Peer 1: 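Here you go, one structure.
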Amino acid sequence: MTTAATLAPPTRPAQRLRTSTPWWMALISGAAAFSGTGSSTLNGDELATISAASRSLSGMWELARHIDGHFLPYYLFMHFWGKLGTAELWLRLPSAVAIAVTAWFLVDLGRRLHSTRAGVIAAAIFAILPSVSYYGAFARSYAFAAAAVVFSFWALHRALERSDGRRWVLYGVAVALVCATHLFAVLVLPAQLVLARRAVLVRMLAALAVGCLPAVVLGLVGYGERHAISWVPQRGPEVWLKFPKMAAGATGLGALLFVLALAGAVLLWVSARGRTEPGGQADVRAGQGAVSQVGGRQAGSRVGGQAAVRLWAFALVGWLVLPPLLLLAVSQLVTPVYVDRYLFVTAPALALLAGLSVAALPRFHVVAAVIVVLLGCGLAVPDHLEVREENGRFENIPWALRVVRAEPGDAIVYGQSQLRSGFEYYADSAMPVDVLKTGDAPDPDGFGYPERSDVSGALKGRERVWVVWRGTKQSGLEGDGVPRVGEVERAGFELTSAKHSADLPGLTVALFTRR
């Protein structure tokens, strides 16, 4: 029996709370991400962002024709953003803002699917993920992709709630943003197809088709540039065992949240008995054991009551598990592309499903939410500390600069030409002479620099040369993994000392002296 209290519209304080809550959670999540921006140093990918974004528009287009074409929309954004500075904090700020945007949409999507508390719990879980602290303090487009994906699910919910033209246009725009932020973010879109119904099928497919045009263009560009990711090894199904850690950024926390996420999907399926308030959003109250139907007055006719909620359970699970499955399929059928960071778009789904699981408890959901968040923080402490270390991005150039104790007349040779950009970003005036460099501008078709090919001639008259390469000591000193090392040895130098940074692949700094 429905009581008057159940039908009563929310009070104004409750309305204000519901309106302000997403903003508070966005602020908390953005601050959590931004807290790691100033501690760990820029790595090669972030330095590539600086290199690409600092070029002219025609220079970026020329670069995109040879490498990183699918990053062109992000590079265009950073081109204008970087005009105001290239400090670490400034370069990483947009990613932290994207995390805040992601949290805002998570709160509101959780409210629409279940309740405000579900959205708040999901955003709180999202904020404590080490992966959020990593990619939210990373000058690449992965946080943008996560925000675009959550936005697309939110926009789809609104379009299914009331099928009018403007809402489908917004959904199409959201899909286009998914495609433009990162090519492999499109792997979440098949999960949205399970929500298609006959009444909206034509509009939904039209919005998807138009929104996916950037993916078609960037996909063709990326396929032509697949040589740029030739370093990616072929992976097998065993990578799925590491997927919870990848999504969460911590092994223990990832396993816990993955179990909660699956439980959340089951609860969303079995408890699809939401009650809808006339003229307003559905509300779920503790003790009713009900999950919201996805609309106001017309939830039963437009979105389908229990069937609609169950379809959303499938869609959220698909959002979580389809990207790694499809990425591995692409790797096996086309070319190896399975890289963990391409799957950060699944982290919001992990948090949302876990939040739904906790919020669906008939009692003590607040206590349970606090326990999950605190336990998650405890499990993730080592990973959070690691992310915020100077070497948190596994390419510690300032460490390498401290190892290089240059004397007058010393030379430096880079095992990989693109390393030069990082040393020039962090170096002071006490650097050894860069004897191979022949131009200040990077190559128009890549991130390396034009160099002399005659190493022996460049080192003529030098008694000491520092050689820096990406990778372990063994990778450069054994075999021909780093050709520049062999060229230095053939020029009449022998190894005096070598040091490697703490993590893999890391950097190696070696000193060679003339025999």
Side-chain angles (χ1 to χ4, degrees), residues 21 24-40 92 95-96 99-100 102-103 106-107 110 114 116-138 142-143 146 240-267 320 340-341 343-394 502-503:
T21 297
W24 279 109
M25 296 311 298
L27 181 62
I28 292 170
S29 298
F34 194 66
S35 67
T37 56
S39 22
S40 58
R92 289 168 169 172
S95 292
I99 291 297
T102 305
L106 266 183
V107 173
H114 185 282
T116 299
R117 69 171 178 262
V120 170
I121 296 169
I125 292 172
F126 184 68
I128 67 169
L129 298 181
S131 59
V132 168
S133 292
Y134 187 96
Y135 294 107
F138 198 50
Y142 304 112
W240 293 333
L241 297 175
K242 301 178 182 179
F243 174 65
K245 175 187 184 302
M246 184 287 307
T251 302
L253 177 58
L256 170 65
L257 294 182
F258 205 80
V259 171
L260 287 177
L262 295 179
V266 172
L267 289 171
L320 178 63
D340 287 345
R341 58 181 176 269
L343 299 172
F344 177 62
V345 292
T346 62
L350 182 68
L352 180 56
L353 281 167
L356 288 170
S357 176
V358 176
L361 294 174
R363 295 182 180 180
F364 308 117
H365 45 268
V366 174
V367 174
V370 172
I371 291 174
V372 168
V373 171
L374 291 180
L375 179 60
C377 288
L379 291 173
V381 165
D383 302 276
H384 275 292
L385 293 177
E386 182 178 335
V387 164
R388 288 165 172 78
E389 291 176 350
E390 183 182 67
N391 195 37
R393 301 297 179 268
F394 311 119
D503 294 293

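Here the structure is a predicted model, which means the values were calculated and not measured.
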Peer 1: Which heavy atom of Ala124 sits nearest to which heavy atom of Val373, and what is that distance?
Peer 2: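 Heavy-atom minimum between the residues: CB-CG2, 4.1 Å.
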Peer 1: Please enumerate all residues that pass side-chain hydrogen bond (donor to acceptor under 3.5 Å, both in side chains) together with Asn391, with sequence neighbours excluded.
Peer 2: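 For Asn391 the side-chain hydrogen bond (donor to acceptor under 3.5 Å, both in side chains) partners, ignoring immediate neighbours, are Asp503.
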Peer 1: Measure the CZ-CG distance between Phe258 and Leu320 for me, rounded to the nearest 0.5 Å.
Peer 2: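 Answer for the CZ-CG pair, Phe258 versus Leu320, is 5.0 Å.
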Peer 1: Which heavy atom in Gly30 sits nearest to a heavy atom in Ala100, and how many Å separate them?
Peer 2: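 For Gly30 and Ala100, the tightest heavy-atom pair comes out as CA-CB, 4.0 Å.
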Peer 1: For Tyr142, what residues pass the ring pair (Phe, Tyr, Trp, His ring centres under 6.0 Å) criterion, not counting sequence neighbours?
Peer 2: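 Scan of Tyr142 (ring pair (Phe, Tyr, Trp, His ring centres under 6.0 Å), adjacent residues dropped) gives Tyr135, His182.
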Peer 1: What distance do Asp383 atom CG and Ile128 atom CD1 have between them, rounded to the nearest 0.5 Å?
Peer 2: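 Taking CG in Asp383 and CD1 in Ile128, the distance rounds to 11.5 Å.
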Peer 1: Listed by chain and number, what are the side-chain hydrogen bond (donor to acceptor under 3.5 Å, both in side chains) partners of Glu389, not counting sequence neighbours?
Peer 2: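 Counting only residues at least two positions away or on another chain, Glu389 forms no side-chain hydrogen bond (donor to acceptor under 3.5 Å, both in side chains).
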Peer 1: How long is the gap from CZ on Phe394 to OG on Ser40, to the nearest 0.5 Å?
Peer 2: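 Here the interatomic distance stands at 9.5 Å.
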Peer 1: Quick one: does Phe34's side chain get under 4.5 Å of Arg92's, heavy atoms only?
Peer 2: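 Answer no - side chains too far apart.
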Peer 1: Under 3.5 Å, sequence neighbours excluded: what are the donor-acceptor pairs made by side chains of residues 241-251?
Peer 2:
none

Peer 1: Going by the rule side-chain hydrogen bond (donor to acceptor under 3.5 Å, both in side chains), which residues pair with Arg388 if we only count those two or more places apart in sequence or in a different chain?
Peer 2: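 Only Ser35, Ser133, His384 meet the side-chain hydrogen bond (donor to acceptor under 3.5 Å, both in side chains) criterion with Arg388.
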Peer 1: Please tabulate, for the side chains in residues 346-362, all donor-acceptor contacts under 3.5 angstrom to protein atoms that are two or more places apart in sequence or on a different chain.
Peer 2:
from: Thr346; atom 1: OG1; to: Leu343; atom 2: O; distance (Å): 2.8
from: Ser357; atom 1: OG; to: Leu260; atom 2: O; distance (Å): 3.4

Peer 1: To the nearest 0.5 Å, tell me how far Leu379 CG sits from Leu374 CG.
Peer 2: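 Reported to 0.5 Å precision, the distance equals 11.0 Å.
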Peer 1: Evaluate the side-chain proximity of Leu106 to Ser29: yes if any heavy-atom separation is below 4.5 Å, no if none is.
Peer 2: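 Contact flag for Ser29/Leu106 side chains = no.
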Peer 1: Please give me the minimum heavy-atom distance between Leu253 and Gly376, naming the atom from each residue.
Peer 2: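 Here Leu253 and Gly376 meet closest at CD1-CA, 3.5 Å.
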Peer 1: Taking Ala143's backbone N and O only, do any of them form a donor-acceptor pair with Ser95's side chain (distance below 3.5 Å, no angle check)?
Peer 2: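 It does not hold such a pair.
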Peer 1: Show, in sequence, the C-alpha distance, side-chain angles and deciding distance for Tyr134 and Leu129, and conclude whether the side chain to side chain contact (heavy atoms under 4.5 Å, CB included) test is met.
Peer 2: CA-CA 9 Å; Tyr134 187 96; Leu129 298 181; over 6 Å; no
